[in-house]
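The block underneath contains the structure these notes are about, expressed in structure tokens.
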Amino acid sequence: MATFLSGRPTPQIAADLLGKQLVLKTSQGEIRAWITEAEAYLGAQDAGAHAFKNHQTARNAALWLPAGTIYIYQMRTQFLLNLVTQAAGTPECVLIRGIEPATGLALMQRNRPVPLENLTTGPGKLMQALGLDKQLNGTPLSDETLALDLTAARRPAKIMSSARIGIVNKATWTTAPLRYEVSGNPFVSKRRKRDIDIEHHGWC
DNA sequence: TGGGCGATGTTCT
DNA sequence: GAACATCGCCCAG
């Protein structure tokens, strides 16, 4: 798992994460969901990243831990999930912005009682659906808590890249195409209804 | 259907 | 005291 989340550039890791399965063990049961949308954050050089200029604080310290470390921080009332993608000391990560429920759907809807099409279409929403707060911040991916299952992956028919959401006034980093999504999948933030692939959800 | 905006917690200057 | 890697409501068209 840690080998999948390292050994190549973070933007490539972000694209490769699309279709991989997140697995969460809870006291209520297991939740599985495919990753549909992710953004790359490129550490010290990236003006949109928390680790810009290597500025380390109590909040973002997890970014300097090894690949496979979970980085969760709070944005207003929401929690956002990131995975560290490089060796210890290189603070790069991928932000998970969308997931498609696979199993444990009833549990997710109990955690976040909204219609399915609004359940996991954004970084804060998917954390509500998973029932996670920042307890896992700084811990490694683990079969006991949150993990990636690479064998249960699906293959995107087409991957689209675009500018990251919410990065403004950061020169070239504002427009850098570091956001990756499964084209046509309905569980992607800011997806327009007419762009949804009703039949296959954008998978092969 | 999509744009505007207010509520909101935490961190840092 | 400002700045947010957001969400959900409201309203125009």
Side-chain angles (χ1 to χ4, degrees), chain A residues 5 9-11 13-15 17-18 22 33 35-65 69-86 90-99 101 108-138 146 160-181 184-198:
Chain A
L5 280 174
T10 296
I13 294 171
L17 275 170
L18 301 182
L22 272 183
I35 297 170
T36 59
E37 180 183 358
E39 289 179 355
Y41 285 84
L42 304 185
Q45 56 170 327
D46 182 350
H50 286 171
F52 185 47
K53 293 181 174 170
N54 261 313
H55 194 62
Q56 191 169 350
T57 66
R59 177 179 66 151
N60 67 13
L63 288 169
W64 279 263
L65 298 177
T69 299
I70 297 166
Y71 171 44
I72 295 172
Y73 69 93
Q74 190 165 7
M75 168 66 177
R76 285 180 160 69
T77 56
Q78 321 293 330
F79 296 100
L80 281 74
L81 173 64
N82 303 256
L83 303 177
V84 177
T85 55
Q86 300 295 332
T90 301
E92 304 192 5
C93 69
V94 171
L95 168 65
I96 308 299
R97 292 190 52 91
I99 56 175
M108 280 189 266
Q109 289 185 308
R110 209 177 313 150
N111 288 334
R112 179 175 154 79
V114 300
L116 177 61
E117 62 267 23
N118 192 29
L119 184 60
T120 54
T121 54
K125 299 177 187 179
L126 71 87
M127 288 294 275
Q128 282 179 25
L130 293 173
L132 290 178
D133 55 21
K134 57 182 177 184
Q135 274 194 8
L136 294 178
N137 180 43
L146 182 67
M160 298 262 287
S161 65
S162 58
R164 293 174 294 182
I165 308 283
I167 307 292
V168 296
N169 294 328
K170 295 290 193 294
T172 58
W173 295 103
T174 295
T175 52
L178 294 173
R179 172 176 178 242
Y180 302 89
E181 63 185 88
N185 186 279
F187 298 94
V188 166
S189 65
K190 306 199 170 179
R191 169 74 76 225
R192 289 174 302 195
K193 262 196 171 156
R194 62 172 169 272
D195 294 333
I196 292 177
D197 169 11
I198 295 169

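Order of the sequence lines sets the chain letters (A, B, ...), proteins ahead of strands, with each chain counted from 1. FYI, side chains are in, hydrogens and waters are out, and symmetry mates aren't considered; it's all heavy atoms of this structure.
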- Message: Tell me whether A:D46 contacts the main-chain N or O of A:G43 through its side chain, where contact means a donor paired with an acceptor under 3.5 Å.
- Response: no
- Message: In this structure, how many angstroms lie between the C1' atom of C:dA5 and the CG atom of A:L63, rounded?
- Response: 12 Å
- Query: Does B:dG3 have OP1 or OP2 sitting under 4.0 Å from an N or O in the side chain of A:R192?
  - Reply: no
- Check A:A62 against A:V84 and note the closest heavy-atom contact, atom names and distance. O-CG2, 3.6 Å
- Message: Can you identify which nucleotide, out of B:dT13, C:dC7, B:dG9, has its nearest atom closest to the A:H55 side chain?
- Response: B:dT13
- Task: Before giving the answer on side chain to side chain contact (heavy atoms under 4.5 Å, CB included), spell out for A:Y180 and A:I35 the whole-Å C-alpha distance, their side-chain angles and the decisive distance to 0.1 Å.
- Result: CA-CA 10 Å; A:Y180 302 89; A:I35 297 170; over 6 Å; no
- Message: Can you identify which nucleotide, out of C:dG8, B:dG2, C:dC4, has its nearest atom closest to the A:M75 side chain?
- Response: C:dC4
- Of A:N118 and A:C93, whose closest DNA chain C nucleotide lies nearer the 5' terminus? A:C93
- Task: Examine distances only and state if a side-chain atom of A:R179 and a backbone atom of A:S162 form a donor-acceptor pair shorter than 3.5 Å.
- Result: no
- Please give, in whole Å, the distance from C:dA5 P to A:H50 NE2? 5 Å
- Checking all strands, does A:S189 fall into the base, sugar-phosphate, or nothing category for heavy-atom contacts under 4.0 angstrom? nothing
- N or O in side chain of A:Q74 less than 4.0 angstrom from B:dT10 OP1/OP2: yes
- Of all the choices, C:dA5, C:dC7, B:dC12, which nucleotide is nearest to the side chain of A:I167 once you look at every atom? C:dA5
- Query: Rounding to a whole Å, what distance do you find between A:L95:CG and C:dA5:C1'?
  - Reply: 6 Å
- Message: Rounded to whole Å, please give me the gap between CZ in A:R97 and C1' in C:dT6.
- Response: 9 Å
- Of the nucleotides C:dA5, B:dT1, B:dT10, which has the atom closest to the A:Y41 side chain? C:dA5
- Selection from C:dG8, C:dA5, B:dT10 that lies nearest to any side-chain heavy atom of A:Y73: C:dA5
- Query: Roughly, in whole Å, what's the span from CZ in A:R59 to P in B:dC12?
  - Reply: 6 Å
- Using a cut-off of 4.0 Å on non-hydrogen atoms, how would the nucleic acid contact of A:R179 be classed: base, sugar-phosphate, or nothing? nothing
- Message: For a quick check of understanding: with a heavy-atom distance under 4.0 Å over all strands, which category does A:G48 fall into, base, sugar-phosphate or nothing?
- Response: base
- Message: Whole angstroms only, please: what is the CG-C1' distance between A:L126 and C:dT6?
- Response: 12 Å
- Minimum-distance nucleotide to A:K134 side chain [options: C:dA5, B:dT11, C:dG8]: B:dT11
- Item | Heavy-atom pair with the smallest gap, counting every atom of A:F79 and A:L132 | CD1-O, 3.9 Å
- Item | Among C:dG8, B:dG2, B:dT8, the nucleotide that comes nearest once only the side chain of A:R112 is considered | C:dG8
- Query: If you check every side-chain atom of A:T77, which of C:dT6, B:dT8, B:dG2 has the closest atom?
  - Reply: B:dT8
- Note on the structure: salt bridge (charged side-chain N to carboxylate O under 4.0 Å, His left out) test vs A:E37 passes for just one of A:R97, A:K125, A:R164, namely A:R97
- Task: With a 3.5 angstrom cut-off on both distances, give the Watson-Crick or G-U wobble partner of B:dT10, or none if there isn't one.
- Result: C:dA3
- Name the residue closer to the 5' end of DNA chain C, choosing between A:K170 and A:Q128 according to the nucleotide with the nearest heavy atom. A:K170
- Message: Rounded to whole Å, how long is the line connecting atom CZ of A:F79 with atom C1' of B:dG9?
- Response: 9 Å
- Task: Measure the distance from CG on A:N82 to P on C:dT6 and round it to the nearest whole Å.
- Result: 11 Å
